[in-house]
Novice: 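Before I ask anything, let me first share the structure, which is written out below as structure tokens.
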Amino acid sequence: MSHKGLHVRTFGCQMNVYDSARMVDLLAPHGYTPVDTPEAADMVVLNTCHIREKASEKVFSELGRLRQLKASKRAAGGDMVLAVAGCVAQAQGEELMNRAPWVDLVVGPQSYHRLPELIAQAARGGRGVMDADFPAEPKFDHLPDTTEGQGASAFLAIQEGCDKFCTFCVVPYTRGAEYSRPVDAILAEARRLADTGAREITLIGQNVNAYHGTGPDHGTWTLGHLIRAVADVEGVERVRYTTSHPKDVDDTLVAAHAEVPALVPFLHLAVQSGSDRVLHAMNRGHTADTFRDVARRLKEARPDLQLSSDFIVGFPGETEADFEATMALIRDVGFLQACSFKFSARPGTPAAALTDDVPDATKTERLHRLQTLLAEQQRGFNESCVGTVQPVLFDRPGRHDGQLAGRSPWMQPVHAALPETALGRVVPVRIREALPNSLAGEPVEAPSPAPRTTSLRTCA
Ligand code: SAM
Ligand code: SF4
Ligand code: F3S
């Protein structure tokens with residue numbers, strides 16, 4: 001079999017990171033080996049994101065550049081297959097084919113297991129090939145087992161799709177209905193990941209805590225049950241999960257936070273806004289106070305738990321009072337980090353029909369205030385870590401010679417002087433210094449108790 005170079009460029013969320021890795025696994029038996037640049041590639045896949053307008057537009061500008069590369073390869077007697085995968089492929093497949101006819105194939109997130117067939121079809125020539133179906137049989141049944149190790153920290157997709165239909169969001173349309181993988185398949189993949197060096201496994205899904213997969217006992221397992229089984233896999237020292245929805249935090253999940261030491265005390269729980277009026281218009285199905293209550297239950301179960309979140313500013317109709325309610329929620333819950341965005345009207349979603357009436361300058365200013373508050377809270381927490389000893393998973397070389405970099409349980413980047421033999425290991429580190437975006441420390445013998453926990457100031 002002749003060797004072919006494959007370059008996969010990933011945009012968007014952790015689901016796309018996972019899917020890109022699976023495309024590499026899938027194409028390896030067909031002679032494709034990953035290469036670092038499109039110039040060195042016989043096939044380029046853009047694994048795309050449709051979540052905000054900017055994300056989508058990036059794809060079209062990238063396709064412009066690749067058109068020239070393809071043309072110069074052809075002029076030199078070679079060629080390059082150009083594929084667009086992911087959520088833009090799903091949402092705008094036809095438009096892509098029309099706007100960029102030099103694209104050879106378009107494949108949606110639920111059909112990329114058919115890539116080898118589609119490549120063969122594209123090679124036969126003619127107009128570009130497209131598959132943006134939602135096949136009834138889940139793609140996971142058709143993907144080969146993971147072959148490549150992902151390193152010390154690995155993603156494992158347990159769930160796909162979303163049935164929540166928040167009014168601003170394209171995901172239910174691009175990824176389809178919720179599907180949960182069976183427990184046995186997940187545990188087999190977790191064992192393979194641990195065998196290839198993973199010490200930390202992050203269970204991922206668009207709505208990961210809506211997980212309801214079939215267990216080996218033929219019963220339905222929740223995420224709370226699944227976490228216990230993944231934590232028991234030999235070699236797994238840490239379990240995380242993302243992204244979760246406040247409505248789906250059930251008692252089994254809260255109990256897992258209380259009882260599974262490997263489950264890290266850090267959770268990304270998207271809230272979007274602190275205003276009940278805006279939450280209602282977003283169809284989130286929860287209020288600011290029900291969110292506070294969920295946060296309180298989780299922190300009671302695991303007192304050192306910290307939260308991060310997602311926020312949208314400038315949703316249609318958002319007033320200064322609505323925005324202040326969001327700021328109050330951020331202070332009350334003590335969020336450490338957030339992904340925060342200006343509202344972007346997405347075609348086909350209900351919110352796109354509302355008047356996008358918050359001026360862009362106001363959105364920018366609110367985003368800045370929100371990010372400044374979160375940075376203050378993160379800095380306060382980082383400073384409270386100084387002097388404590390924390391378990392750090394070292395997974396990459398540091399900036400200076402003789403240094404490694406890793407993550408604390410709360411996702412803070414930590415640097416310490418350590419030999420390369422410590423790569424892929426959890427090492428106790430005494431935190432010496434809180435830098436603007438990271439911590440510095442030195443390895444010691446044993447971990448100490450967690451740093452100060454931020455309290456829920458408005459909750460009893
Ligand atoms: N499932 C997660 C949840 O329940 O919130 C979020 C998944 S979405 C891929 C990631 C984040 O993108 C959302 O939480 C939201 O903050 C942001 N987002 C989604 N649609 C958006 C839009 N139209 N404009 C701005 N931000 C958006
Ligand atoms: Fe989008 Fe998350 Fe809402 Fe689903 S729950 S529609 S993925 S924001
Ligand atoms: Fe983007 Fe699709 Fe993820 S729209 S955020 S790549 S689910």
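In listed order, ligands and their atoms are each counted from 1.
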Novice: Identify the two heavy atoms, one from Ala270 and one from Phe291, that lie closest to each other, and give their separation to 0.1 Å.
Specialist: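 Looks like O-CE1, 4.1 Å.
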
Novice: N/O of Asp310 under 3.5 Å from N/O of ligand 1, yes or no?
Specialist: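 In this structure, Asp310 places an N or O atom under 3.5 Å from an N or O of ligand 1.
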
Novice: Which ligand 2 atoms are under 4.0 Å away from a heavy-atom of Phe165?
Specialist: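 The list of qualifying atoms is 6 (S).
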
Novice: Is Lys58 paired with Glu62 through a side-chain N to carboxylate O contact shorter than 4.0 Å?
Specialist: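 So Glu62 does not pair with Lys58 through a salt bridge.
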
Novice: Hey, which atoms in ligand 2 end up nearer than 4.0 Å to a heavy atom of Val171?
Specialist: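 Selected atoms, number and element: 7 (S).
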
Novice: To check you understand the geometry: which heavy-atom pair defines the closest contact between Lys164 and Ala210, and what is its length?
Specialist: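 Taking Lys164 first and Ala210 second, the nearest heavy atoms are NZ-CB, 4.4 Å.
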
Novice: In ligand 1, which numbered atoms sit nearer than 4.0 Å to a non-hydrogen atom of Lys342?
Specialist: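 The list of qualifying atoms is 24 (N), 25 (C).
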
Novice: Answer with side chain, backbone, both or neither: which part of Cys162 has a heavy atom less than 4.0 angstrom from an atom of ligand 2?
Specialist: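 For Cys162, the contact with ligand 2 is made by the side chain alone.
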
Novice: Charged N to carboxylate O below 4.0 Å: is that the case for Arg277 and Glu318?
Specialist: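 Glu318 and Arg277: not salt-bridged.
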
Novice: For ligand 2, which atoms sit closer than 4.0 Å to a heavy atom of Cys166?
Specialist: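 Those qualifying, in numeric order: 3 (Fe), 5 (S), 6 (S), 8 (S).
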
Novice: Students should be able to answer this: which protein heavy-atom is nearest to atom 18 (N) of ligand 1, and at what distance?
Specialist: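 Ranked first by proximity to atom 18 (N) of ligand 1 is Arg52 NH1, 3.5 Å.
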
Novice: Check ligand 2 against Arg284 and write out every atom of the ligand that is under 4.0 Å from a heavy-atom position of the residue.
Specialist: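 Checking each atom against Arg284, I get 3 (Fe), 8 (S).
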
Novice: Among all the protein's non-hydrogen atoms, which is closest to atom 3 (Fe) of ligand 3, and how far away is it?
Specialist: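 Here the closest protein heavy atom is Cys13 SG, 2.3 Å.
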
Novice: Does Arg175 approach ligand 3 within less than 4.0 angstrom via side chain, backbone, both or neither, non-hydrogen atoms only?
Specialist: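 Within the 4.0 Å criterion, Arg175 contacts ligand 3 through side-chain atoms alone.
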
Novice: Would the Tyr241 and Tyr211 ring centres measure less than 6.0 Å apart?
Specialist: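 Distance test on ring centres: not under 6.0 Å, no.
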
Novice: Report the part of Asn207 (side chain from C-beta onward, or backbone N, CA, C, O) that has a heavy atom under 4.0 Å from ligand 2; answer both or neither where that applies.
Specialist: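 Within the 4.0 Å criterion, Asn207 contacts ligand 2 through side-chain atoms alone.
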
Novice: I need the atoms of ligand 1 closer than 4.0 Å to a non-hydrogen atom of His245, numbered in the order shown.
Specialist: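 In order of number, 4 (O).
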
Novice: May I ask you to identify, for Phe168, whether its side chain, its backbone, both or neither come under 4.0 Å of ligand 1 on a heavy-atom basis?
Specialist: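 For Phe168, backbone and side-chain atoms both sit under 4.0 Å from ligand 1.
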
Novice: Is the backbone N or O of Leu263 less than 3.5 Å from a side-chain atom of Arg302, with the two atoms forming a donor-acceptor pair by type?
Specialist: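 Side chain of Arg302 to backbone of Leu263, a donor-acceptor pair under 3.5 Å: yes, one is there.
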
Novice: Heavy-atom contacts with Pro172 under 4.0 Å: which atoms of ligand 2 show up? List them by number with element.
Specialist: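 Atoms satisfying the 4.0 Å criterion: 6 (S).
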
Novice: Which residue holds the protein heavy atom closest to atom 1 (Fe) of ligand 3, what is that atom called, and what is the gap in Å?
Specialist: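 It is Cys49 SG, 2.4 Å.
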
Novice: Leu6 and Val45: side chain to side chain contact (heavy atoms under 4.5 Å, CB included), yes or no, with the steps?
Specialist: CA-CA 8 Å; Leu6 170 68; Val45 181; 4.0 Å; yes

Novice: Distance under 4.0 Å to a non-hydrogen atom of Thr243: what atoms of ligand 1 satisfy this?
Specialist: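 It comes down to these atoms of ligand 1: 2 (C).
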
Novice: Should you measure from each heavy atom of His245, which atoms of ligand 2 turn up under 4.0 Å away?
Specialist: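 Heavy-atom distances to His245 below 4.0 Å select 5 (S).
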
Novice: With heavy atoms under 4.0 Å as the rule, classify the contact between Phe168 and ligand 2 as side chain, backbone, both or neither.
Specialist: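 Side chain only; the backbone of Phe168 stays clear of ligand 2.
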
Novice: Atom CD of residue position Gln68 - does it have more than 12 heavy atoms of other residues, nucleotides or ligands inside 6.0 Å?
Specialist: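 Not buried by this count: 12 neighbours or fewer within 6.0 Å.
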
Novice: Backbone, side chain, both or neither: what part of Ala270 comes under 4.0 angstrom of ligand 2, heavy atoms only?
Specialist: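 Contact part for Ala270 vs ligand 2: neither.
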
Novice: Would you call Arg292-Asp289 a salt bridge at under 4.0 Å N-O?
Specialist: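 Salt bridge flag = yes for Asp289 with Arg292.
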
Novice: Between Arg407 and Asp395, is the closest basic N to carboxylate O distance under 4.0 Å?
Specialist: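 Looking at Arg407 together with Asp395, the answer is no, because their closest N to O distance does not fall below 4.0 Å.
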
Novice: Checking a contact table here: which protein heavy atom is nearest atom 23 (N) of ligand 1, and how many Å away?
Specialist: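 I find the closest protein heavy atom is Ser344 O, 2.7 Å.
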
Novice: Identify the closest protein heavy atom to atom 4 (S) of ligand 3: which residue and atom is it, and at what distance?
Specialist: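 Atom 4 (S) of ligand 3 sits closest to the protein heavy atom His50 N, 3.3 Å.
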
Novice: Among protein heavy atoms, which lies nearest atom 6 (S) of ligand 3, and at what distance?
Specialist: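 Going atom by atom, the protein heavy atom closest to atom 6 (S) of ligand 3 ends up being Asn16 ND2, 3.3 Å.
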
Novice: What part of Arg284, side chain from CB on, backbone N/CA/C/O, both or neither, has a heavy atom under 4.0 Å from ligand 1?
Specialist: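 Side chain only.
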
Novice: By the definition ring pair (Phe, Tyr, Trp, His ring centres under 6.0 Å), identify the one residue from Phe381, Phe335, Phe266 that meets it with Trp410.
Specialist: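 The ring pair (Phe, Tyr, Trp, His ring centres under 6.0 Å) with Trp410 is passed solely by Phe381 among Phe381, Phe335, Phe266.
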
Novice: In terms of atom number and element, which parts of ligand 1 are under 4.0 angstrom from non-hydrogen atoms of Gln206?
Specialist: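 Listed by number with element, the hits are 1 (N), 2 (C).
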
Novice: Identify whether the distance between the nearest side-chain nitrogen and carboxylate oxygen of Lys73 and Glu39 falls below 4.0 Å.
Specialist: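 No salt bridge links Lys73 with Glu39.
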
Novice: Do you see a protein non-hydrogen atom under 4.0 Å from atom 7 (C) of ligand 1?
Specialist: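 Within 4.0 Å: no protein heavy atom nearby.
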
Novice: Could you check atom 7 (S) of ligand 3 against the protein and tell me its nearest heavy-atom contact, residue, atom and distance included?
Specialist: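 Looking at atom 7 (S) of ligand 3, the protein heavy atom closest to it is Gln206 NE2, 3.3 Å.
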
Novice: Does Arg99 count as lying over the ring of Phe60, i.e. NZ or CZ under 6.0 Å from the six-ring centre, within 45 degrees of the axis?
Specialist: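 Here Arg99 passes the 6.0 Å and 45° test against Phe60.
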
Novice: For Gln272 and ligand 1, does the shortest N/O to N/O distance drop below 3.5 Å?
Specialist: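 For ligand 1, there is an N or O atom that lies under 3.5 Å from one belonging to Gln272.
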
Novice: Quick one: does Ser20's side chain have a donor or acceptor within less than 3.5 Å of a partner on Thr10's backbone?
Specialist: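 Judged by distance alone, no pair lies under 3.5 Å.
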
Novice: Give the residue, atom name and distance (to 0.1 Å) of the protein heavy atom nearest atom 9 (C) of ligand 1.
Specialist: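 For atom 9 (C) of ligand 1, the nearest protein heavy atom comes out as Ile51 CD1, 3.6 Å.
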
Novice: How far apart are the closest heavy atoms of Cys87 and Thr174, and which atoms are they?
Specialist: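 Where Cys87 meets Thr174 most closely, the heavy atoms are SG-OG1, 3.3 Å.
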
Novice: So, is Arg346 polar-close to ligand 1, with some N/O to N/O distance under 3.5 Å?
Specialist: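 For ligand 1, there is no N or O atom that lies under 3.5 Å from one belonging to Arg346.
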
Novice: Give a yes/no answer: is there an N/O/S atom of Cys169 under 2.8 Å from atom 1 (Fe) of ligand 2?
Specialist: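 Yes, within the cut-off.
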
Novice: Under 4.0 Å from a heavy atom of Cys87: give me the atoms of ligand 3 that qualify, with their elements.
Specialist: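 Close to Cys87: 2 (Fe), 4 (S), 6 (S), 7 (S).
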
Novice: Within the 4.0 Å heavy-atom shell around Ala270, which atoms of ligand 1 are there?
Specialist: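 By the 4.0 Å cutoff, the relevant atoms are 3 (C), 5 (O).
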
Novice: Under 4.0 Å between a Lys/Arg side-chain N and an Asp/Glu carboxylate O for Glu57 and Lys54?
Specialist: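 A salt bridge is absent here (no side-chain N lies under 4.0 Å from a carboxylate O).
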
Novice: Relative to each other, are the rings of Tyr173 and Phe165 parallel, tilted or perpendicular (30° and 60° limits)?
Specialist: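 The arrangement is perpendicular - the two ring planes meet at more than 60°.
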
Novice: How about Phe323 and Phe343: are their ring centroids closer than 6.0 Å?
Specialist: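 Not close enough - the centres of the two rings lie 6.0 Å or further apart.
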
